[in-house]
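Letters A, B, ... are given to chains in the order of the sequence lines, protein chains preceding strands, and every chain is numbered from 1.
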Protein chains: 2
Amino acid sequence: MATIEDVAKAAGVSKGTVSNVFSKKRPASKEVTKRVIEIANQLNYKPNYWARTLAIKETRIIGLKMPGENSKFSQFHLALLNGVLHVCYENGYRLLVNTLSPEFQNQIQNVSSDPVDGEIYLDPEQNDGRLDHRTQSDPPAVVIGRPPRGLESSLCYVDNDNEATAEQVTSYLLELGHRNILFLNTSKARTVSEDRKRGYDKAFINKELEVQQELSLFKQIDISSLLYGYQSIKEMDSKRVPFSAVITDSDKVALGVYRAAIDLGLSIPNDISVVAFSDESIVAPEFAPPLSSVYLNAEELGREAARILLERIQDNRVPVTHHIIQSKLVIRESCRRWQPHD
Amino acid sequence: MATIEDVAKAAGVSKGTVSNVFSKKRPASKEVTKRVIEIANQLNYKPNYWARTLAIKETRIIGLKMPGENSKFSQFHLALLNGVLHVCYENGYRLLVNTLSPEFQNQIQNVSSDPVDGEIYLDPEQNDGRLDHRTQSDPPAVVIGRPPRGLESSLCYVDNDNEATAEQVTSYLLELGHRNILFLNTSKARTVSEDRKRGYDKAFINKELEVQQELSLFKQIDISSLLYGYQSIKEMDSKRVPFSAVITDSDKVALGVYRAAIDLGLSIPNDISVVAFSDESIVAPEFAPPLSSVYLNAEELGREAARILLERIQDNRVPVTHHIIQSKLVIRESCRRWQPHD
DNA sequence: AACATCAATTAAACCGGTTTAATGTTATAG
DNA sequence: CTATAACATTAAACCGGTTTAATTGATGTT
């Protein structure tokens, strides 16, 4: 690969001039510009990205940090990613997906600063190593979701109002007459599970009803969403724990619930009502019956996070902001007024 | 941010020694190692990624290049991405998603080498600017999908056998007695559309039937998949073009077909049989009726592409390889034997 | 003619690491 | 007790850009 030196020599000018022709940061005469560009083309010269980065201390790359383990992108992440990418596209930024295993990163040979101008953190957890170890000198960051207690005030984040949404969903079911509402929450480690649980509890308390803790489940990390939904229902059934409605963490979990219902000869919504969080796919309407679910606006979460991040990158003195993205409960046909059987 | 120089001074050793402690490329004594690491921690020192990259000419980043315009990741891309990420994770690589607008990249200030060790190209097109302009000095590349004619022999790629699969799908419908089979193909620009069309034609020719070209449609770039499916059916219906089966490019297009069928009071599969390519979501079974579709194994496509790329990065003299990933037609309930109505 | 102004250019320093070649130090063999 | 190998360390060069400060030469002013 040709270097700036090669081009400078061939064009009979100094490195600085070639640099100016390419960066346009200072003027160069018409003739020189023309000659340099011609020769650069001949030599197939392109400025070296990393050399430039080293000199100007800007990568024009933003990072996306997944939580620790080898996690997969979900439907929700996909929408979110598309939002982030959209903003990147508009602003000439690239996106670096950071999936390095803890083992890899802990080896001293692999320790290094992150090669980005700023980072978006996904799926914050209660004790989030990624966030705890952040220091002043790290690049700007924006979290999607609520950061763990204690870090809320010092970190920018973008989130839904998960507590209010959970309360709304639960109230909806309570008003339909349901009293035994199974809550298939996401993993306890994630901060969002706590918020949703609080909203769920609140809905009961508002109606002066008692919360049945044994109906609040948390997903284990090692189980798939589909199985989580399926097995939970099967288990509740075999333990003869009564419930007439289910709130699930995602449409995938709801799918598991649907399948379990079929297996158990239960009808949705006649025997069980179902509502899901996090429906970003276009398929909820295709469920039989169409699934009522909460649209979280993941794409907007991604867009907004990226926008805020770029702002901070340009000027890191802008105040820490917290941005709430509107979510929306979409009622379809998976819920029904509860009336005791026979 | 502290530099290697700061650490070296504070520890009373040379830059080279600090470098050796961190890179482990050459030995350092126990005491020196200990002292250097201690001081590095105190100063919160981490080796600068860009400086290191410039020196060793290795980024440990692989790139993912989307086609030109601001395109979104689909369900298919998601599965593929997860495959790529998995391999990255295992091998300590980061993934850079490159979505820069052509306008951005064409400005001289933004011209530069790509900041990656190798690249994966998605959705190759017949006249693909990204691929045409590649030169010997560009980093190693792997294409997912068939490269345009002329570049096939010089580029590594991973693909399904789209021709054979399309032939299989079409034959399946022909054997069910269908003769007017609408083919809602993907955009004509993409190489895959050509391959599938060839397979479709072949199935007819094998049976010594004539291909009705007016039943072969190609998606326009500016229309959503859902609308493409919906409008195509509506249009065929209003033009009174007879057809009894539809092959769609993806489950999203199929969804549009389902919705049009409802609008037109047509029953699937009684009036229209439907088969989709590219079903990577878990929802095809949730369609009413469950959608027969071709599982393309996108995750494996991604994994294999990443694997081949890493191989080439380690040794770019390995021969150019073409890898075919198995796809599979999954029969569900959206197709039926064709018998003329009353 | 002398001086100030301005644009284009350059040599050299710099960004923060790695690597080479040389040096000093200690252990091992003859 | 050397000669030699093996090891740890360092100074200096290098990677390929950008930037600073100085220089040149052309233009304009009085």
Side-chain angles (χ1 to χ4, degrees), chain A residues 1-37 39-40 43-61 108-117 137 139, chain B residues 1-37 39-40 43-61 108-117 137 139:
Chain A
M1 193 61 162
T3 71
I4 199 169
E5 186 88 49
D6 302 334
V7 176
K9 275 193 187 140
V13 296
S14 72
K15 281 167 58 172
T17 300
V18 178
S19 176
N20 290 335
V21 167
F22 274 87
S23 71
K24 280 198 171 172
K25 292 203 178 160
R26 283 176 328 163
S29 68
K30 271 253 165 5
E31 314 92 80
V32 168
T33 302
K34 183 162 168 283
R35 194 164 76 244
V36 166
I37 291 187
I39 293 192
L43 300 180
N44 191 31
Y45 166 76
K46 285 178 179 179
N48 179 301
Y49 200 93
W50 299 103
R52 172 182 285 178
T53 294
L54 179 58
I56 67 178
K57 299 175 177 317
E58 187 200 48
T59 64
R60 291 196 83 84
I61 296 177
I108 188 163
Q109 311 92 294
N110 302 320
V111 174
S112 76
S113 61
D114 271 317
V116 297
D117 293 340
S137 58
Chain B
M1 194 60 162
T3 71
I4 199 171
E5 187 87 52
D6 302 334
V7 176
K9 273 191 189 140
V13 296
S14 72
K15 282 167 56 172
T17 300
V18 177
S19 175
N20 290 335
V21 168
F22 275 87
S23 70
K24 280 199 173 171
K25 293 201 179 162
R26 281 174 331 160
S29 67
K30 269 255 170 356
E31 315 92 79
V32 169
T33 301
K34 185 161 167 284
R35 195 163 76 245
V36 166
I37 291 186
I39 293 193
L43 299 179
N44 191 30
Y45 166 77
K46 284 179 180 179
N48 180 303
Y49 201 94
W50 317 303
R52 173 181 285 179
T53 295
L54 179 58
I56 67 178
K57 298 175 179 319
E58 185 201 48
T59 65
R60 291 196 83 82
I61 295 177
I108 187 164
Q109 310 93 295
N110 303 321
V111 174
S112 76
S113 60
D114 272 316
V116 297
D117 293 340
S137 59

- request: Could you say whether Ser14(B) or Val18(A) is positioned toward the 5' end of DNA chain D, judged by the nucleotide with the nearest heavy atom to each?
  value: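 Nearest nucleotide further toward 5': that of Ser14(B).
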Whole-Å distance between [N] [atom2] and [X] [atom1]?
{"X": "Lys57(A)", "N": "dG16(C)", "atom1": "NZ", "atom2": "C1'", "result": "7 Å"}
{"X": "Phe22(A)", "N": "dT19(D)", "atom1": "CZ", "atom2": "C1'", "result": "18 Å"}
{"X": "Trp50(A)", "N": "dT18(D)", "atom1": "CH2", "atom2": "C1'", "result": "17 Å"}
{"X": "Glu31(B)", "N": "dT25(C)", "atom1": "CD", "atom2": "P", "result": "15 Å"}
{"X": "Tyr49(A)", "N": "dG16(C)", "atom1": "OH", "atom2": "P", "result": "18 Å"}
{"X": "Asn48(B)", "N": "dG16(C)", "atom1": "CG", "atom2": "C1'", "result": "6 Å"}

Under 4.0 Å: is that the gap between some side-chain N or O of [X] and OP1 or OP2 of [N]?
{"X": "Lys25(A)", "N": "dT18(D)", "result": "no"}
{"X": "Ser23(A)", "N": "dT18(D)", "result": "no"}
{"X": "Tyr45(B)", "N": "dG17(C)", "result": "yes"}

- request: State, without any angle test, whether Thr59(B) and Asp117(B) hold a side-chain donor-acceptor pair at a distance under 3.5 Å.
  value: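 Per modelled atom types, Thr59(B) and Asp117(B) side chains form a pair under 3.5 Å.
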Name the nucleic acid region contacted by [X], choosing base, sugar-phosphate or nothing; use a 4.0 angstrom heavy-atom cut-off, strictly under.
{"X": "Ser29(A)", "value": "sugar-phosphate"}
{"X": "Lys15(B)", "value": "base"}
{"X": "Ile56(B)", "value": "sugar-phosphate"}
{"X": "Lys46(A)", "value": "sugar-phosphate"}
{"X": "Val13(A)", "value": "sugar-phosphate"}

task: Can you tell me which residue pairs pass the salt bridge (Lys or Arg N to Asp or Glu O under 4.0 Å) test with a partner in residues 18-37 of chain B, sequence neighbours excluded?
output: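 Residue pairs passing salt bridge (Lys or Arg N to Asp or Glu O under 4.0 Å), neighbours aside: Lys34(B)-Glu38(B).
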query: Side chains of Thr3(A) and Asn48(A): closer than 4.5 Å at any heavy-atom pair?
result: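 No - every pair of side-chain heavy atoms lies 4.5 Å or more apart.
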field: Flag side-chain contact, heavy atom, 4.5 Å: Ile37(A) against Ile108(B)
entry: yes
message: Which label fits Trp50(A) and Tyr49(B): parallel for a plane angle under 30°, tilted from 30 to 60°, or perpendicular past 60°?
response: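 Correct class here is tilted.
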Below 3.5 Å is the cut-off: list the nitrogen or oxygen pairs between protein and nucleotides 22-26 of chain D, distance only.
none

- request: Report yes or no: does Ser19(B) contribute a side-chain atom to a donor-acceptor pair with the main-chain N or O of Lys15(B) at less than 3.5 Å?
  value: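 Such a contact is absent between Ser19(B) side chain and Lys15(B) backbone.
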